Amino acid sequence: MSLIRHPKYENIWTARIYPEGRKKDPKTGKPSNKRDTYHFEGTKEQALAWYASLCHSSKTASTVPLAPTIGHAWPQFCVYYKQEVASSTYYDYLKTWDLHLKEYFGQLRPLQLKPGIIEAYKAKRRDEISKRGNPPSKKTINKELSYISAMISWMSKPEINLCQPLTFVIKGYPGKQVKAPLALVPTREEVILLLRRASKHYRGIFATCYYAGLRKSEALNLRSSNINISQGYMLIKGKGEKQRIVPIYRKLLPYLRKRVGQEYLFTNPKTNKVWNDLKKPLDRAAKSAGIKQHVYLHLLRHSFGTHMIQSGVDLRSLQLLMGHSSSQVTEVYTTLAGSFLATQIDRLGSGALRQNKSIKT
């Protein structure tokens with residue numbers, strides 16, 4: 001009997017035992033070397049306990065299958081993950097897997113992962129330079145690691161039973177290090193000009209993201225059944241399947257009336273399918289409007305929140321409109337509206353100065 005660690009993989013063990021004890025070969029009279037081979041994946045302590053139980057029950061023991069590599073489990077995980085997350089998250093996961101995760105993690109089994117391997121991946125990604133000449137952000141790397149963590153958690157579920165749970169937590173960068181910088185929000189006039197310069201095929205969804213403060217996924221998944229034109233509201237399904245009611249702003253009505261009756265309001269007219277990427281048409285509209293800063297679809301939602309604060313809307317009302325679970329998230333827009341607030345302070349100072357002059361006279 002013997003228990004041997006795999007020469008290459010730290011957590012793979014091989015046990016070879018005589019199923020009915022070592023007996024002599026009747027033909028040669030010598031002890032038989034015929035042994036059964038079993039495999040196990042786990043720590044040394046777990047392997048020793050398994051080996052002890054295997055020796056006591058060798059007559060009825062069955063081979064313990066090794067956990068598949070992460071790459072081998074990937075197709076089955078995709079079937080599960082597609083049903084669990086938003087389509088935009090799923091397609092981002094597929095892209096991230098092909099570009100970064102497959103090469104680094106695909107050939108590893110779950111229990112081969114160690115904190116050092118995770119740290120090495122973080123260092124590797126931070127040394128890479130994108131097409132724009134910048135390394136990936138720490139927030140991006142955290143998102144990539146969350147995908148791997150989701151895969152391992154799924155593999156270790158009792159009903160899936162493809163591997164044992166990890167003995168450590170896959171940690172990304174701390175929250176303080178990945179906090180996104182405040183967005184530079186365009187003015188109300190710049191956004192309106194952007195909408196006017198946008199192609200007619202995209203103007204509706206851009207206007208909806210701005211005038212209703214919707215996320216990209218919320219706007220793309222908007223259906224006619226969610227729109228009540230006569231009573232003037234939309235039923236929005238947000239993060240975590242939470243629903244909220246958003247009033248329809250009068251300037252948004254023309255865009256919605258044209259599309260009510262379709263299953264999805266905003267689709268590609270050529271394919272009749274929901275858009276996945278709206279970056280290029282948004283960039284063209286921003287360039288035509290003379291906006292030089294970096295523009296992305298979620299910036300229209302930021303603009304909505306900021307301009308609402310500038311218009312005097314209270315935080316609680318804005319929180320309900322935007323579907324924030326915490327008022328702390330909504331409070332960010334008071335900071336984004338800082339230039340407007342500074343203008344108000346200047347006006348206050350100018351008013352006080354005029355009042356003093358009138359008193360003197």
Side-chain angles (χ1 to χ4, degrees), residues 5-13 41-47 66-78 80-82 84-86 88-157 160 162-184 216 276-277 279 293-294 296 298-299 329 332:
R5 187 197 300 269
H6 193 283
K8 184 177 180 181
Y9 303 120
E10 180 181 355
N11 290 316
I12 305 299
W13 304 83
E41 182 173 8
T43 63
K44 182 178 180 179
E45 292 74 15
Q46 292 171 334
L66 293 177
T69 63
I70 296 174
H72 284 151
W74 178 78
Q76 190 178 347
F77 173 74
C78 286
Y80 157 82
Y81 204 52
K82 188 174 184 179
E84 294 295 315
V85 297
S88 58
T89 302
Y90 176 69
Y91 288 119
D92 180 73
Y93 164 71
L94 295 182
K95 181 179 178 181
T96 302
W97 172 262
D98 286 334
L99 290 177
H100 308 295
L101 302 179
K102 181 180 180 180
E103 179 182 358
Y104 195 89
F105 293 102
Q107 300 303 314
L108 298 176
R109 290 185 172 87
L111 289 187
Q112 290 176 246
L113 294 178
K114 298 292 181 183
I117 292 178
I118 302 300
E119 293 301 318
Y121 177 78
K122 290 159 65 175
K124 170 183 174 295
R125 289 288 286 126
R126 290 295 293 171
D127 289 338
E128 294 177 5
I129 303 298
S130 67
K131 294 180 179 179
R132 295 181 178 178
N134 300 316
S137 67
K138 293 180 178 180
K139 185 177 181 180
T140 297
I141 298 173
N142 278 7
K143 178 189 67 175
E144 295 168 1
L145 292 177
S146 72
Y147 288 147
I148 288 296
S149 181
M151 287 192 69
I152 304 302
S153 297
W154 169 79
M155 291 177 70
S156 62
K157 284 185 175 183
I160 304 299
L162 290 179
C163 74
Q164 297 182 22
L166 295 182
T167 57
F168 69 99
V169 177
I170 296 178
K171 292 183 179 180
Y173 292 100
K176 293 181 179 179
Q177 297 184 23
V178 299
K179 189 175 181 180
L182 293 176
L184 183 62
K216 176 183 175 181
N276 284 327
D277 189 10
K279 184 179 184 302
Q293 69 184 78
H294 175 54
Y296 47 96
H298 201 77
L299 187 64
V329 180
V332 172

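A quick note: this is a predicted structure, and the numbers were derived from the prediction, not measured.
Between the OH atom in Y91 and the OG1 atom in T96 there is a gap of 14.5 Å [rounded to 0.5 Å]. Here T167 contributes atom OG1 and L113 contributes atom CG; the two are 10.0 Å apart, rounded to the nearest 0.5 Å. For the atom pair OH (Y121) and OH (Y104), the distance works out to 9.0 Å, reported to the nearest 0.5 Å. Between S153 atom OG and L166 atom CG the span is 7.5 Å, to the nearest 0.5 Å. Note that OG of S149 is 11.0 Å distant from CG of N142, once rounded to the nearest 0.5 Å.
When every heavy atom of F168 is checked against every heavy atom of I118, the shortest pair comes out as CE1-CG1, 4.1 Å. The minimum heavy-atom distance linking I117 with Q112 is given by the pair CD1-O, 3.2 Å. Between Q107 and T69 the shortest heavy-atom distance is O-CG2, 3.6 Å. Here the closest non-hydrogen pair linking P68 and M155 is O-CE, 3.9 Å. The two residues I141 and R126 make their nearest non-hydrogen contact at CD1-CD, 3.3 Å. For the residue pair K171 and L145, the shortest heavy atom distance occurs at O-CD1, 3.9 Å.
C78 has its side chain within reach of L94: a pair of non-hydrogen atoms, C-beta onward, lies under 4.5 Å apart. Residues P135 and I129 are in side-chain contact: their nearest non-hydrogen atoms beyond the backbone lie under 4.5 Å apart. A heavy-atom distance below 4.5 Å is not found between the side chains of L101 and I70. The shortest distance between side-chain heavy atoms of K138 and K122 does not fall below 4.5 Å. For the pair I148 and E144, the minimum side-chain heavy-atom distance is 4.5 Å or more.
Crowding of K124 atom NZ: a count of heavy atoms from other residues, nucleotides or ligands under 6.0 Å exceeding 12. Counting heavy atoms of neighbouring residues, nucleotides and ligands inside a 6.0 Å radius, atom CD of E103 does not exceed 12 of them. Heavy-atom neighbours of H72 NE2 from other residues, nucleotides or ligands within 6.0 Å: at or below the threshold of 12.
Taking the six-membered ring for Trp and thresholds of 30 and 60 degrees, Y81 and Y147 have ring planes more than 60 degrees apart, a perpendicular arrangement. Using a 30° and 60° split on the angle between ring planes, W97 and W74 fall in the parallel class, below 30°. Between Y296 and H294, the ring-plane angle classifies as tilted under the 30° and 60° cut-offs.
For Q76, there are no side chain to side chain donor-acceptor pair (under 3.5 Å) partners, not counting sequence neighbours. In this structure, the side chain to side chain donor-acceptor pair (under 3.5 Å) partners of Y80, at least two apart in sequence or on a different chain, are K157.
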